[in-house]
Amino acid sequence: MAGFLPGPAGEPVIFLCPFYSGADLDAGTPWMDRLRALGTPLVDQIGPMPYADALRMFDGGMVDGNHYLLRTRWLPALTDGAVDTLVDAARQVSSPFSALAVHHFHGAATRVRSADTAFGLRTDHLMAEIITVWAPDDQAGPHREWADRTSAALAPHALPGGYPNLLAPEETDRVRLAYGANWARLRRAKRRYDPRHLLHAVPTLPPPEHPE
């Protein structure tokens, strides 16, 4: 994972969050050293850690009371145009709490057949996550605008659809594209096992009465 986080004075700071998973951790050291050679990091926390701790690494950035808005785009590659868009967004960020993150989807996850699960995109790609955060007493408008403007600017560089769990309830068309050929099968399962629409924690799969 890589992207931009707020620095000590609210300025955007590049972050890299690499992972090496293997029986011999020393075998991953050369790859970490290559990243360290890019420059002098402000913080270097690379070291062995349990997977559960890795999942909790960014929990400290979630503050009770703050407002959070997420927008995402699937990118087929990190092209110059996509990079320029992310850099411009980082420079124009509306809040010192907001962030941009790019996740790499590759490896074993791409070797699963699309028909084996509901997840529709099994090719190597990246997910750009636009994380907008503002304080409780702040106006939402500028921060929503920044997120939506960044998402729209990334759209020409993006694949159809998006990560379903992070799409907004009104983005039904993108949800349909995200599941691809699995959409019809998933809708049939929804009608069969949840006809009363009791399962709606993630509000991106429309209820049974929604038009196909």
Are Pro136 and Asn66 close enough that some pair of their side-chain heavy atoms sits under 4.5 Å apart?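 Counting from C-beta outward, Pro136 and Asn66 do come under 4.5 Å.
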In Å, rounded to the nearest 0.5 Å, how long is the span from [atom1] of [X] to [atom2] of [Y]?
X: Ile14; Y: Leu100; atom1: CD1; atom2: CG; value: 11.5 Å
X: Arg111; Y: His106; atom1: CZ; atom2: NE2; value: 10.0 Å
X: Arg144; Y: Leu69; atom1: CZ; atom2: CG; value: 5.0 Å
X: Thr150; Y: Glu145; atom1: OG1; atom2: CD; value: 10.0 Å
X: Asp26; Y: Tyr20; atom1: CG; atom2: OH; value: 9.0 Å
X: Leu75; Y: His103; atom1: CG; atom2: NE2; value: 11.0 Å

I'd like to know if [Y] and [X] are part of one continuous hydrophobic network [Ile/Leu/Val/Met/Phe/Trp/Tyr, side-chain heavy atoms within less than 4.5 Å].
X: Leu186; Y: Leu167; value: yes
X: Leu177; Y: Leu121; value: no
X: Val87; Y: Leu78; value: yes
X: Val102; Y: Phe15; value: no
X: Leu70; Y: Val63; value: yes

Just by modelled atom types, is the [Y] backbone N or O under 3.5 Å from a matching donor or acceptor in the [X] side chain?
X: Ser151; Y: Ala147; result: no
X: Trp146; Y: Ala89; result: yes
X: Glu11; Y: Ala9; result: yes

If you count heavy atoms of other groups shown closer than 6.0 angstrom to CG of Asp80, is the number above 12?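 No - once you tally the heavy atoms of other residues, nucleotides and ligands closer than 6.0 Å, there are 12 at most.
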Let me see the working for His143 and Val133 under side-chain contact (heavy atoms from CB on, under 4.5 Å), right down to the final yes or no. CA-CA 7 Å; His143 310 296; Val133 188; over 6 Å; no
Might you point out which heavy atoms bring [X] and [Y] nearest each other, and give the distance in Å?
X: Gly162; Y: Arg174; answer: CA-NH2, 3.9 Å
X: Ala135; Y: His67; answer: O-CD2, 3.6 Å
X: Ala178; Y: Pro164; answer: CB-CG, 4.0 Å
X: Ala115; Y: Arg185; answer: O-NH2, 2.9 Å
X: Pro195; Y: Arg192; answer: CD-O, 3.8 Å
X: Pro12; Y: Ala90; answer: CG-O, 3.4 Å

Quick one: which residue pairs count as a salt bridge (Lys or Arg N to Asp or Glu O under 4.0 Å) with a foot in residues 129-139, not counting sequence neighbours?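 Output for this query is empty, none listed.
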Go through Thr117 and Arg122 one step at a time and tell me if the side-chain contact (heavy atoms from CB on, under 4.5 Å) criterion holds. CA-CA 10 Å; Thr117 73; Arg122 288 292 176 177; 2.9 Å; yes
Would you check if the distance from the ring center of Tyr163 to the ring center of Phe105 is below 6.0 Å?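 Distance test on ring centres: not under 6.0 Å, no.
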Could you work out, with side chain to side chain contact (heavy atoms under 4.5 Å, CB included) as the rule, every residue matching Arg36, not counting sequence neighbours?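 Met32, Asp33, Asp44, Ile46.
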Ion pair Asp116/Arg113, N-O distance below 4.0 Å: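 Result for this pair is yes, salt bridge flagged.
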Do Thr132 and Arg71 have side-chain atoms, one donor and one acceptor, less than 3.5 Å apart?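 Not at all, the side chains of Thr132 and Arg71 share no donor-acceptor pair under 3.5 Å.
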Working note: Tyr68 + Met62, criterion side-chain contact (heavy atoms from CB on, under 4.5 Å); need CA distance, chi angles, decisive distance, verdict. CA-CA 9 Å; Tyr68 293 83; Met62 303 298 172; 3.5 Å; yes
Look at the aromatic rings of His125 and Trp74 and report parallel, tilted or perpendicular, splitting at 30° and 60°.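 Taking Trp74 first and then His125, their aromatic rings stand perpendicular (interplane angle over 60°).
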Given Ile130, which partner from the list Leu154, Thr72, Leu166, Val93 fulfils the side chain to side chain contact (heavy atoms under 4.5 Å, CB included) test?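 Only one option passes, and that is Leu154.
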Checking side-chain contact (heavy atoms from CB on, under 4.5 Å) for the pair Asn182/Phe119: CA distance, chi angles, key distance, verdict? CA-CA 8 Å; Asn182 296 327; Phe119 195 83; over 6 Å; no
